[in-house]
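Below: one structure, written as structure tokens.
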Amino acid sequence: MSELRGLQLRASDLESAGAKVVAISVDSVELNRGVVERLGLGFPVLSDPELVAIDAFGLRHRGGYPLAEPPATGDIARPASYVISGSTIRWRDLTENYRVRVDPTRVIDAIRNMGEADAR
């Protein structure tokens, strides 16, 4: 959640760099709505409980939430941040450790380094 707050705190910098923030979570629409409201997020947090988008990006962490009760598998998403222009991934930050999250400054720097034409 701290990474979402960090992105929200840097929202104006992200916008001025030409970015739109979208988060994806395995959590339900209801849970994500609560997160958006509780943290006062100005960007959407999409729900992917079937892990379709998460699998498409190769981010499934099998058994990453061992306390899940059946029928849940306990699979979650690895923390990841992407900068996408059109349909091309221009930059990404991946980690195996769920406690390590990208600093929003790195995302902003990546966007600015792409160049004005690529960022839009």
Side-chain angles (χ1 to χ4, degrees):
M1 304 256 190
S2 63
E3 75 280 7
L4 299 177
R5 276 191 211 113
L7 290 169
Q8 183 60 47
L9 290 171
R10 299 297 303 271
S12 62
D13 295 325
L14 288 158
E15 285 179 24
S16 68
K20 293 183 181 175
V21 176
V22 176
I24 301 175
S25 166
V26 300
D27 294 327
S28 70
V29 171
E30 295 78 21
L31 283 173
N32 287 340
R33 184 178 301 120
V35 167
V36 168
E37 290 172 3
R38 189 172 68 254
L39 299 179
L41 302 178
F43 55 87
V45 178
L46 306 178
S47 295
D48 186 19
E50 302 298 322
L51 293 97
V52 174
I54 289 162
D55 283 343
F57 282 92
L59 299 174
R60 186 185 290 235
H61 180 182
R62 295 194 184 280
Y65 183 65
L67 301 178
E69 295 183 22
T73 63
D75 294 354
I76 59 173
R78 289 176 41 216
S81 296
Y82 287 85
V83 174
I84 300 171
S85 177
S87 60
T88 303
I89 296 171
R90 302 288 186 179
W91 178 88
R92 68 180 179 178
D93 181 87
L94 304 173
T95 180
E96 294 294 328
N97 185 338
Y98 74 93
R99 292 183 176 150
V100 176
R101 304 301 172 111
V102 69
D103 183 323
T105 302
R106 289 191 59 219
V107 178
I108 293 164
D109 289 345
I111 294 165
R112 290 185 174 146
N113 289 334
M114 285 175 27
E116 191 70 26
D118 287 339
R120 298 193 191 273

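Quick note: numbers below take in every heavy atom, side chains included, and nothing from hydrogens, waters or symmetry partners. Small disclaimer: the values here were computed from a predicted structure and weren't measured.
Placement of Val52 and Val29 in two distinct hydrophobic clusters is found when ILVMFWY residues are connected by side-chain heavy-atom separations under 4.5 Å, directly or transitively. No path of Ile, Leu, Val, Met, Phe, Trp and Tyr side chains, each step under 4.5 Å between heavy atoms, connects Leu9 with Phe43, placing them in separate hydrophobic clusters.
Within the 4.5 Å cutoff, the side chain of Val102 has no heavy atoms near those of the Glu3 side chain. The closest side-chain heavy-atom distance from Ser16 to Arg112 is below 4.5 Å. In this structure the side chain of Met114 reaches within 4.5 angstrom of the side chain of Val83, judged on heavy atoms. At a threshold of 4.5 Å between non-hydrogen side-chain atoms, the residues Val26 and Asp75 do not count as touching. Side-chain atoms of Leu94 and Leu59, non-hydrogen and from C-beta on, do get closer than 4.5 Å to each other. In this structure, Ile111 and Trp91 have side chains that are not in contact, with every pair of non-hydrogen atoms separated by 4.5 Å or more.
Between Arg10 and Asp13 a salt bridge is recorded (basic side-chain N to carboxylate O distance below 4.0 Å).
Within a 6.0 Å radius of CD in Glu50, other residues, nucleotides and ligands contribute 12 heavy atoms or fewer.
The two residues Leu14 and Ile108 make their nearest non-hydrogen contact at CD2-CG1, 3.5 Å. Across all non-hydrogen atoms, the minimal contact from Leu41 to Val45 is CD1-CG2, 3.9 Å. Contact between Ser85 and Arg90 at its shortest, heavy atoms only, is CB-NE, 3.6 Å.
Gln8 contributes a side-chain N or O that, together with a main-chain N or O of Gly42, makes up a donor-acceptor pair within less than 3.5 Å. The closest donor-acceptor contact from the side chain of Asp48 to the backbone of Leu51 lies under 3.5 Å. The backbone N or O of Asn32 sits nowhere less than 3.5 Å from a side-chain atom of Asp27 that would complete a donor-acceptor pair.
Residue Arg5 holds its CZ atom at 7.5 Å from CZ of Arg38, rounded to the nearest 0.5 Å. For the atom pair CD1 of Ile54 and OG of Ser25, the computed distance is 7.0 Å after rounding to the nearest 0.5 Å.
Arg78 pairs by the salt bridge (Lys or Arg N to Asp or Glu O under 4.0 Å) definition with Glu96, not counting sequence neighbours.
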